[in-house]
Participant: 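Here it is: the structure, laid out below.
Remember, it's 1-based here, ligands and their atoms both numbered in the order they're listed. When a residue number appears, it is its place in the shown sequence, counting from 1.
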Amino acid sequence: MLLRLPALLSWGLRCGSAAAPQRLVLKRKFSGGMEEEAKRKAGYMAVDNHVQNNQALGIGSGSTIVYAVNRIAKRVRDENLKIVCVPTSFQARQLILQHQLTLSDLDRHPELDVAIDGADEVDSDLNLIKGGGGCLTQEKIVAGCAKEFIVVADYRKDSKSLGEKWKRGVPIEVIPMAYVPVTKAIAAKFGGAAELRMAANKAGPVVTDNGNFILDWKFNNISDWKNVNVSIKMIPGVVETGLFIDMAERVYFGLEDGSVCFRDRHSH
Ligand SMILES: *[C@@H]1O[C@H](CO)[C@@H](O)[C@H](O)[C@H]1NC(C)=O
Ligand SMILES: *[C@@H]1O[C@H](CO)[C@@H](O)[C@H](O)[C@H]1NC(C)=O
């Protein structure tokens with residue numbers, strides 16, 4: 001499945017799936033700038049293992065991606081790589097431009113070689129919750145156009161099941177006029193509570209890059225994410241959900257001890 005990987009791959013340690021998070025929790029109180037260091041290392045390794053000359057890349061959003069883009073820019077300069085970058089958000093677009101990388105879009109590059117993005121939480125099957133930053137719809141479109149969807153995260157995002165560490169719920173982008181009916185429909189079908197995300201420095205709701213609202217659905221006791229993924233999307237007014245089910249090929253986790261491990265979708 002990952003035939004094009006260069007030899008550098010051996011740098012990454014395979015994650016010990018369920019045991020690692022336990023160990024890490026005990027050490028958390030000693031962490032300081034470690035999270036940033038973990039994000040940086042995971043971003044660097046993902047770029048070194050998956051980015052090659054003559055590729056079209058999807059560039060995700062969020063704090064971890066900043067490190068990945070730094071690395072892409074350095075490699076483009078040092079190795080004279082020909083790379084085009086398709087952003088998933090306004091933030092990603094700014095990052096691409098600031099680093100003087102070649103900006104493109106899905107009109108010109110509807111097929112991407114690799115998309116690299118962060119995640120708010122990753123479960124043991126590599127299902128993701130994304131969209132804490134509100135860019136889930138474009139992130140999912142771009143990830144869906146990529147032959148390989150690679151995720152970079154730090155150790156705090158690694159969970160056995162969704163909801164274990166990420167407490168802010170599943171983000172759901174909705175057409176503004178539909179937010180109340182969608183809220184009610186989700187609670188009626190699956191329980192929990194969906195709340196309209198409010199802006200921090202403005203009175204009123206968060207408005208996405210697409211001019212829509214975001215609901216954050218705090219769920220209880222969900223195990224069949226495939227069914228939930230499809231059912232929520234079918235509710236009229238739902239634009240997209242932050243559930244990324246069966247999409248990530250590999251997730252790199254930066255660990256507290258400065259190492260990076262990865263987990264593959266089909267490795268267990
Ligand atoms: C959680 O859901 C499962 C099946 O979906 C059910 O069997 C179980 O009783 C539920 N547990 C709680 C605490 O609601
Ligand atoms: C999740 O839902 C989308 C539609 O929103 C669908 O295209 C995709 O196949 C679903 N994923 C799974 C694993 O069923």
Participant: Distance to 0.1 Å, residue and atom name: give those for the protein heavy atom nearest to atom 13 (C) of ligand 2.
Facilitator: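 The closest heavy atom on the protein side is Ile245 CG2, 3.7 Å.
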Participant: What residue and atom, counting heavy atoms only, is the protein's closest point to atom 14 (O) of ligand 2, and at what distance?
Facilitator: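 I find the closest protein heavy atom is Asn229 ND2, 3.7 Å.
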Participant: For atom 4 (C) of ligand 2, what is the nearest protein heavy atom, given as residue, atom name and distance?
Facilitator: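 Protein heavy atom with the smallest distance to atom 4 (C) of ligand 2: Lys233 CG, 4.0 Å.
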Participant: Does the pair Lys226/Asp246 count as a salt bridge with the N-to-O cut at 4.0 Å?
Facilitator: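 Yes, Lys226 and Asp246 are salt-bridged.
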Participant: N/O to N/O below 3.5 Å, does that happen between Glu240 and ligand 2?
Facilitator: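 Glu240 vs ligand 2: no N/O contact under 3.5 Å.
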Participant: Are the charged groups of Lys160 and Glu164 less than 4.0 angstrom apart, N to O?
Facilitator: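 Looking at Glu164 together with Lys160, the answer is no, because their closest N to O distance does not fall below 4.0 Å.
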Participant: Protein non-hydrogen atoms only, distance under 4.0 Å: does atom 9 (O) of ligand 2 have such a neighbour?
Facilitator: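 Within 4.0 Å: no protein heavy atom nearby.
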Participant: Are Phe219 and Trp225 close enough that their ring centres sit under 6.0 Å apart?
Facilitator: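 When the ring centroids of Phe219 and Trp225 are compared, they turn out to be within the sub-6.0 Å range.
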Participant: Check this for me: does any side-chain nitrogen of one of Glu121 and Lys165 sit under 4.0 Å from a carboxylate oxygen of the other?
Facilitator: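 The answer is no: the pair does not qualify as a salt bridge.
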Participant: Within the structure, does at least one protein heavy atom fall under 4.0 Å of atom 2 (O) of ligand 2?
Facilitator: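 Yes, there is one.
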Participant: Aromatic ring centroids of His50 and Tyr252 under 6.0 Å?
Facilitator: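 Between Tyr252 and His50, which both carry aromatic rings, the centre distance is below 6.0 Å.
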